[in-house]
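Here is the structure we will look at.
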Amino acid sequence: MKYAIEVEDLTVAYKEKPVLWDVDLNVPEGVLMSIVGPNGAGKTTLIKAMLGLVNTAAGRVSIYGKPYSKQRSLVGYVPQRGSVDWDFPTSVGDVVMMGRYGALGWLKRPGKREVELSLRALEKVGMAKYADRQISQLSGGQQQRVFLARALVQDAKIYLMDEPFQGVDATTERAIVTLLQELRAAGKTVVVVHHDLQTVPEYFDWTALLNVRLIASGPVDTVFTEENLRLTYGGRVSFIKHNGHNTDSDQEKRAEAGGI
Amino acid sequence: MSGEQIEIQIIASLVAVTCAIPGVFLVLRRMAMMSDAISHAILLGIVLAFFAIHDISSPLLIIGAALSGVLTVSIVELLNKTKLVKEDAAIGLVFPVLFSIGVILIARYAWSIHLDVHAVLLGELAFAPFDRLTVGGFDLGPKSLYVMGTILLINLIFILLFYKELKISTFDAGLAAALGFSPGLIHYGLMGLVSVTAVGAFDAVGSILVVALMVTPPAAAYLLTDKLSYMIILSAVIGVVSAISGFWLAILLDANIAGSMATMAGLVFLIVFLFAPDRGIVAIARRRSRQRWEFAGKMLAIHLLNHEGTPDEKRESQVEHLEENLCWKEGFANKVIKYAESKGILIHDRGMLRLTGYGREYAMKSVTDEST
Amino acid sequence: MDILSLLNDLLFDYTLRTVALGSAVLGIVSGALGSYAVLRKQSLLGDAMSHAALPGIAIAFLLTGSKISLVLILGAAIAGWIATLIIMSIVRTTRIKYDTALGMILSVFFGFGLVLLTIIQKRPDATQAGLDKFLFGQAAALLERDVITMALLGSVAIATMLVFWKQFKLLSFDPDFGATLGFPMRFLDVVLTTLIVIAIVTGLQTVGVVLMSAMIVAPASAARQWTDRLGPMIFLSAAFGALAGVSGALLSSSISRLPTGPTIVLCVSAIVVLSIFLAPARGLVWSWFRDRRNRGRLRLEGMLEDLYSLALQHKDPGHAHPVSVLRLMSADKGGVDNSLRKLEEQGLVRRVKSEDWALTKEGIEHARQIIKLGVGEGQ
């Protein structure tokens, strides 16, 4: 099987506090995969590590056999919607166009072609008529679609998405699912951080269960079992106990976490 | 030491303690920059009140000026409510206007009298002993001693009366509201306290250095203790140390007293920042270098555990493959193996690594410990 | 001074021309780069940087004995940068929060600067006079070579901003995404911060360290109200900055005992107040009118809906109902007659008897549409 993404022995720690412990994960080409796990399981960190956004303590990530820094143009990224300031003075079309900045290089400015590509990407998510809209006037679902369009305009082979279904309306959720399935049909590999366990079997064909360690990964039919879910989410009991004492020292850990 | 010098040091210490008390809550509530806004904005209040009352140390003037501090806070909050500007920008927009009006009024209409533009920034601590309180011909000491003493008393009474409320609303505003304390009331009470303190201290140390005395000692204390009550006491102590050492630095350099006090406060913070027992840079660096091996050993143990019984176990357990698999430098990998061996976690056998029984337990425990 | 003679002086009076040009440069540079500081929620960092510049100026003078502005500006820039680095490292390594680190570094650096300043002032030689113009600024003391220095530094800063336009936009909006595209975001952050430091230190001579932060925050905050695009915002912000700088500096150098820094700050703040109230779309006055209109429209629509749902109970959408029933259904009792009169003017309702009202054909159509839209909204 050809792997789009290979994660080997990946450990990520914010200094002494591990966020991911020795994760081995292979993502075959052309799957539509979800990453599920409880809060604080390291789902976002895993995606960010794939993108080279966090420092790793050990291990490595390959995209089609090479490090990410050599394969940027193959990967499109959809960050969490809440990670940016939506009151930023810019338009929908402009945000989508940012997806082309990498291909444009350092000094070239976006031109007609970029405008056209952005419009086409917006059409795919049903937002073409909003191209000139200021981004703060969008609903949550529309904001998410804009981010998706920005990734689409990157014209990548692999898409990494962080919680694209968070806080979107039912219509948008259906539209996103359709879009993801279209991407898979076109041979793209899509990895989605997801938190709604109920929809996993319906939306995805591949899944990874994560709780600091990788619990299991593979086809949804074989991996998404009660036993594995219990292994993934069962840790919660110890979580509560662990977090129950002295919030102050936890706070300090977090403060130090920023200090890499 | 002359009598004046002693008096200056007493006043300076009083100012430092008075500032440190509300400062602790500003620091904990993430509102340190409010002290900057208030200490600037009260200038306008002082000038206007001075025009009305013509007595710089009248209690009425202090109250009038303090009101302008509270007014600043509410203008900032009003501006935030419009959502037209960012929260931090709102502070940065409001106080420069009020401060500017104050400076212009002084420059134009109060040129030759007690207030001048320099006093606004520098304070006039050196002159404090000359303005004395006399009752019936008896010299009772410098006036500012009494002004600051009264303000300190007000601060202490407020803190003692509302200690519980302040504590709860600082650490958990939601809980405070649920318990029936009004966070708004406590908030404005505190802002009033900061304003009164700033007005009193303003005369001695000037507007910007009020900020130094309100923020720096509590920041240093925050690195030394977890307990609110200790933090208040420590802040006061650090404030006094900064004030007295600052005074002597000023004598030594023949420089401005208030500026020297701020400098010393910064120096004390620097020392704490570097050498605080638990949270200082040195302590953190030490802890990290110690934990680095422990962490790497754990990482190795978990790596071996993960691949035990898998088809690629052989490949993954080879010493020479650690470099490739974990992206460790060769020297580092060898050191980690030695460390892990010495702890009885694994056995190094002709280039192959094997977990011991203890090592397996250790790895499993590490994983469940850290699973969140 | 009437306007004609002011214009005349602006063109031919050396001092006035220098002052105007210098303050224009200051306004343009701080307005343009301040936009990024505001958008990246670093408004107060500007405050810290400008206060922290004071010891840099003093040390630069102590080391070189020179009052050439390039030397002093360089000292100020280095001190501003060091302050920023210390703030960042305190926040990163300890549990002390950003605002505390800002307030502390701002005041301690400033205090240290004052110590150095008083030491300089007590030196026997008289060359030191005039360093304290850096506190509140002194536009009238600007020399032609100061203005040239400012203009050169400012041009470099603005040109760099234009070259890295795309990257700075990414940095301000979504730095993580920018990093995945392969742009070195940390390096770009350093470059942009340096540009902001340059913007601050070029203004210090005119506005002073105490109030310079207002020149970073205010023009950008005002400009944001008028536009929803980055380019126009930066352009407007630069224009507002220049306008405030020139008018403030001219006022202060033509009226005695009017310190420059505070006067410029008052000018720029006036622009902010006007913008917040009057800017179309976002301004408070407009949103107040809009709210009022919307409330009025909603009330009329509610009335139509009420009449329609009442009529449906009679299986005849045109069925008439007395005013008293409508009053019962309406939230504000007094407005009912008024609303009915307005609807009548639009031909949507008609009076059947003296106190009875019914929907017209158009009214029924309208009501149906409102109900349909109401259900369909939120998509």
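Computed from a predicted structure; not experimentally measured. Here is the naming used below: chain letters follow the sequence lines, and residue numbers restart at 1 for every chain.
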Self-check item: Presence of salt bridge, B:D254 and C:K122, under 4.0 angstrom
Solution: yes
Quiz prompt | Heavy-atom proximity to chain C below 4.5 Å, by part of B:D88 | solution = both
Quiz prompt | Most contacts with chain B, counted as non-hydrogen pairs under 4.5 angstrom, among C:I86, C:V265, C:L258, C:I105 | solution = C:V265
Quiz item: With respect to chain C, which residue among B:L213, B:V85, B:V210, B:L93 yields the maximal number of heavy-atom pairs within a distance under 4.5 Å?
Solution: B:L93
Quiz item: With a cut-off of 6.0 Å (strictly less than), are more than 12 heavy atoms of other residues, nucleotides or ligands near CZ of C:F112?
Solution: no
Quiz item: Does atom CZ of B:R286 have more than 12 heavy-atom neighbours from other groups under 6.0 Å away?
Solution: no
Exercise. Evaluate the ring planes of B:F273 and B:F269, with Trp represented by its six-membered ring, and classify them as parallel (under 30°), tilted (30 to 60°) or perpendicular (over 60°).
Key: parallel
Quiz item: Are C:T94 and B:R279 close enough that a side-chain donor and a side-chain acceptor fall under 3.5 Å?
Solution: no
Quiz prompt | B:F99 and B:H40 aromatic ring geometry - parallel, tilted or perpendicular at 30°/60° bounds | solution = perpendicular
Quiz item: Which answer fits B:I281, side chain, backbone, both or neither, if we ask what part of it has an atom under 4.5 Å from a heavy atom of chain C?
Solution: side chain
Quiz item: For residues C:T260 and C:S252, is any side-chain donor paired with an opposing acceptor at under 3.5 Å?
Solution: yes
Quiz item: Taking C:A214, C:A37, C:S221 one by one, which has the highest count of heavy-atom pairs under 4.5 Å against chain B?
Solution: C:S221
Quiz item: By a 4.5 Å heavy-atom criterion (distance strictly below it), what part of B:M31 contacts chain C: side chain, backbone, both, or neither?
Solution: backbone
Practice problem: Please look at C:S287 and chain B and tell me whether the side chain, the backbone, both or neither of the residue comes under 4.5 angstrom of a heavy atom of that chain. | Solution: neither
Quiz item: Between C:T100, C:V108, C:D47, which residue shows the highest count of heavy-atom pairs closer than 4.5 Å to chain B?
Solution: C:T100
Self-check item: Atom group of C:L44 that falls short of 4.5 Å from chain B, counting heavy atoms
Solution: both
Practice problem: Tell me, for B:L79 versus chain C, whether the close heavy atoms (under 4.5 Å) come from the side chain, the backbone, both or neither. | Solution: side chain
Quiz prompt | CZ/B:F171: more than 12 non-hydrogen atoms of other groups inside 6.0 Å | solution = yes
Quiz item: Between B:A89, B:G23, B:G266, B:A90, which has the largest tally of heavy atom pairs under 4.5 Å with chain C?
Solution: B:A89
Practice problem: Using non-hydrogen atoms and a 4.5 Å limit, figure out which bit of C:L117 sits close to chain B: side chain, backbone, both or neither. | Solution: neither
Quiz item: Contact part of C:V217 toward chain B, heavy-atom cut-off under 4.5 Å: side chain, backbone, both or neither?
Solution: both
Quiz prompt | Winner by heavy-atom pair count (cut-off under 4.5 Å) against chain C, out of B:L26, B:T82, B:L223 | solution = B:L223
Self-check item: Side-chain donor-acceptor contact under 3.5 Å, C:S275 with C:R224
Solution: no
